[in-house]
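What follows is a set of notes on a single structure, which appears directly below.
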Amino acid sequence: MTEETADNRADQNRRKTEVRHDNESAAEYTAKRESEKNAEYAAKRESEHVVEYAANPSGISSSHCASPASSTPAAPLRRGYTTGACAAAAAKGAALLLITGDRLPAVEIDIPAGFRHSFELTGWQREGADSAVCATVKDAGDDPDATHQVWIEATVSWLDHPGVEIDGGRGVGRVTKPGLPVPVGAAAINPVPRRMILEAVSGVLEEHGAARGLRVVISVPEGEAIALRTLNPRLGILGGISILGTRGVVTPFSTEAYKASVVQAISVAAATGNGQIILTTGGSSEKYAMVMFAGLPEEAFIQMGEYVGFSLEHAKAYGIKKVTFVGMAGKFSKVAQGAMLIHSKNAPVDFGFLAAVAAEAGADHKQVKEIAAANTASQVVDMMTEAGNSAFFESLCRHACEQSLKHMNGGMVVEMVLMTMKGRVLGRAEIRG
């Protein structure tokens with residue numbers, strides 16, 4: 001799954017040029033980074049306030065104002081590298097340090113996306129002739145990733161036999177629930193990163209003719225704290241982050257990464273025996289859904305974002321018997337009109353459709369005309385709420401269920417629950433396909 005937040009993107013350019021001393025430990029780096037983050041956040045909030053006021057002293061919503069920078073073309077977004085790629089690079093650096101004694105400033109590894117990349121190294125430690133430590137600092141590029149600038153460390157030690165053993169140390173989670181690509185009890189290092197680590201370390205062993213193998217332990221000192229801001233605890237990955245990445249690179253604002261996290265969550269829900277899942281568009285609707293369906297386990301609740309059709313398809317593929325959508329009328333009115341990707345760019349609200357639904361629900365001619373001329377979905381919700389027309393919301397729910405079943409060619413039960421921003425239920429319907 002993906003581990004995402006925008007907070008860790010502050011001042012990326014300065015961090016790119018940051019000089020780290022050879023003898024800087026993980027603990028020192030982590031403490032320094034935390035102090036810098038706090039200072040950066042305060043400065044960022046102050047500068048944002050000044051810029052916001054200067055650009056818009058009237059206080060009018062920026063959606064109605066032209067941006068002073070709108071004519072400046074945006075710089076291309078930088079791609080970054082996954083925790084798996086970083087772990088493989090650190091493991092190669094540690095293996096070379098153990099075997100040759102060299103503290104290399106960087107190593108190159110093969111990236112599954114089809115090219116080689118050089119990773120800067122840091123944190124070198126050699127403990128006698130038996131083990132060595134090396135680290136790299138993850139650069140997530142311009143992706144809002146909770147693991148951006150995190151210290152990823154590999155400790156290697158000799159085995160009494162050939163081969164490479166891979167495990168997770170501090171800050172790397174352990175899998176406690178089935179349904180993930182890693183077995184229960186194992187460190188949450190996914191298959192592709194495991195292969196990358198294996199190939200990187202095996203290459204060093206072969207190059208230097210080593211007869212014995214190496215044990216590799218990947219650690220992330222900040223991992224346990226970071227994991228609390230991700231879905232790992234819900235997925236049953238405890239004690240740290242996952243070491244992830246199927247291509248080795250992180251695409252800025254990657255829809256693929258988000259969709260992969262949705263599939264993983266559905267997989268875990270199915271593997272833990274959940275016949276019903278609750279799909280929401282975000283944290284607010286999920287909070288209300290958890291109260292409404294308090295009897296369901298945490299892994300049954302999945303934030304699908306805007307990917308309605310995609311989530312339905314995978315729920316059906318994993319054998320889920322019932323899908324319940326919980327959310328706001330604006331988003332799910334788009335599903336009722338047949339949209340299965342509900343981002344505003346892909347599916348604007350169809351006010352003609354909403355007017356037709358209102359007419360179905362017994363709204364008078366004046367109300368129907370007002371809805372057709374409305375500017376926002378929330379305006380329509382307010383009109384129908386003030387009119388006491390609960391049939392409108394129930395009809396909207398039925399249309400959404402029908403469109404969902406049509407998209408999947410049936411095969412399950414679909415339920416729709418529409419709520420206000422304050423958690424009050426507006427309408428509810430369920431259809432068996």
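- Here the side chains of Val107 and Leu121 are in contact, with some heavy-atom distance below 4.5 Å.
- Contact record, Ala363 with Val368: O-CG2, 3.9 Å, taken as the closest heavy-atom pair.
- Between atom CG of residue Leu244 and atom OG1 of residue Thr82 there is a gap of 8.0 Å, rounded to the nearest 0.5 Å.
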- Task: Walk me through it: do Val357 and Phe392 pass the test side-chain contact (heavy atoms from CB on, under 4.5 Å)?
- Result: CA-CA 7 Å; Val357 173; Phe392 169 80; 3.8 Å; yes
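- The closest donor-acceptor contact from the side chain of Thr230 to the backbone of Asn232 lies under 3.5 Å.
- Remark: the backbone N or O of Val250 is not paired with any side-chain donor or acceptor of Arg79 at under 3.5 angstrom.
- Remark: side-chain polar atoms of Glu386 are not paired, donor with acceptor, to backbone N or O of Met383 under 3.5 angstrom.
- Taking the charged nitrogens against the carboxylate oxygens, Asp139 and Arg78 do have a contact shorter than 4.0 Å, which makes a salt bridge.
- Closest approach of Leu418 to Cys397, counting heavy atoms only: CG-SG, 3.6 Å.
- Looking only at distances, no side-chain donor or acceptor of Asn190 sits under 3.5 Å from a matching main-chain atom of Val192.
- Arg234 places a side-chain N or O within donor-acceptor distance of the main-chain N or O of Phe301, the cut-off being under 3.5 Å.
- Between the side chains of Lys138 and Thr147, at least one donor N or O sits under 3.5 Å from an acceptor N or O.
- The aromatic rings of Tyr258 and Tyr307 lie tilted to each other, with the angle between the two planes from 30° to 60°.
- The shortest side-chain heavy-atom distance between Ile431 and Leu405 falls under the 4.5 Å cut-off.
- Closest approach of Ser404 and Phe325 over heavy atoms only: OG-CE1, 3.8 Å.
- Contact annotation: the side chain of Gln276 never approaches that of Val323 to less than 4.5 Å [non-hydrogen atoms, C-beta and beyond].
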- Message: Could you go through Lys334 and Val349, starting from their C-alpha distance and side-chain angles, then the distance that decides it, and tell me whether this counts as side-chain contact (heavy atoms from CB on, under 4.5 Å)?
- Response: CA-CA 6 Å; Lys334 301 175 184 182; Val349 174; 3.8 Å; yes
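- Counting non-hydrogen atoms of neighbouring residues, nucleotides and ligands closer than 6.0 angstrom, the NZ atom of Lys321 reaches no more than 12 such neighbours.
- Atom OG1 of Thr136 is separated from atom CD of Glu120 by 7.5 Å, given to the nearest 0.5 angstrom.
- With hydrogens and angles ignored, the 3.5 Å screen pairs no side-chain donor or acceptor of Ser202 with any backbone N or O of Glu199.
- Of all the heavy atoms in Val220 and Val172, the pair that sits closest is CG2-CG2, 4.0 Å.
- In this structure the side chain of Met416 never reaches within 4.5 angstrom of the side chain of Arg428, judged on heavy atoms.
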- Item | Evaluation steps, side-chain hydrogen bond (donor to acceptor under 3.5 Å, both in side chains), between Glu360 and Ser395 | CA-CA 8 Å; Glu360 276 179 24; Ser395 181; 3.0 Å; yes
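- Proximity of a side-chain donor or acceptor of Thr272 to a complementary backbone N or O of Val268 within less than 3.5 Å is detected.
- Ion pair Asp110/Arg195 not flagged as a salt bridge, since none of the NZ, NE, NH1 or NH2 atoms sits closer than 4.0 Å to an Asp/Glu carboxylate oxygen.
- Under 3.5 Å, the side chains of Thr281 and Glu306 contain no donor-acceptor pair of N or O atoms.
- The distance from the CD atom of Glu394 to the CG atom of Asn389 is 9.0 Å, given to the nearest 0.5 Å.
- For the pair Arg170 (side chain) and Ile218 (backbone), a donor-acceptor distance under 3.5 Å is absent.
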- Which is it for Met419 and Ser285 under the side-chain contact (heavy atoms from CB on, under 4.5 Å) test, yes or no, and what are the steps along the way? CA-CA 8 Å; Met419 312 191 83; Ser285 50; 5.9 Å; no
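- For the pair Leu180/Lys177, no side-chain contact is recorded, criterion being any heavy-atom separation below 4.5 Å from C-beta on.
- At least one side-chain heavy atom of Thr324 sits under 4.5 Å from a side-chain heavy atom of Val417.
- Heavy-atom neighbours of Arg247 CZ from other residues, nucleotides or ligands within 6.0 Å: at or below the threshold of 12.
- To the nearest 0.5 Å, atom OH of residue Tyr318 and atom CD1 of residue Ile266 are 8.0 Å apart.
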- Query: Would Val156 and Arg215 satisfy side-chain contact (heavy atoms from CB on, under 4.5 Å), going step by step from the backbone distance to the final call?
  - Reply: CA-CA 5 Å; Val156 300; Arg215 173 176 168 79; over 6 Å; no
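- One N or O on the side chain of Thr176 and one on the backbone of Gly236 form a donor-acceptor pair closer than 3.5 Å.
- Ionic pairing of Arg398 and Glu402 is not present here: no N-O contact between side-chain nitrogen and carboxylate oxygen is shorter than 4.0 angstrom.
- Looking at Lys322 and Glu415, a side-chain N of the basic residue comes within less than 4.0 Å of a carboxylate O on the acidic one, giving a salt bridge.
- Here the NZ-SG distance, from Lys406 to Cys401, works out to 15.0 Å after rounding to the nearest 0.5 Å.
- Across all their heavy atoms, Ala154 and Ala94 have their closest contact at O-CB, 3.6 Å.
- Lys92 places no side-chain N or O within donor-acceptor distance of the main-chain N or O of Ala87, the cut-off being under 3.5 Å.
- For the pair Thr155/Val216, no side-chain contact is recorded, criterion being any heavy-atom separation below 4.5 Å from C-beta on.
- Ser311 and Met304 get closest at one heavy-atom pair: OG-CB, 3.2 Å.
- Salt bridge annotation for Arg116-Glu108: present, with a cationic side-chain nitrogen under 4.0 angstrom from a carboxylate oxygen.
- Inter-residue side-chain proximity for Ile371 and Met384 is flagged as met; some heavy-atom pair is nearer than 4.5 Å.
- Annotation: Glu224, atom CD; neighbour count of heavy atoms from other residues, nucleotides and ligands within 6.0 Å does not exceed 12.
- Side-chain atoms of Gln264 and His314 include no donor-acceptor pair closer than 3.5 Å.
- Here Tyr288 contributes atom OH and Thr280 contributes atom OG1; the two are 12.5 Å apart, rounded to the nearest 0.5 Å.
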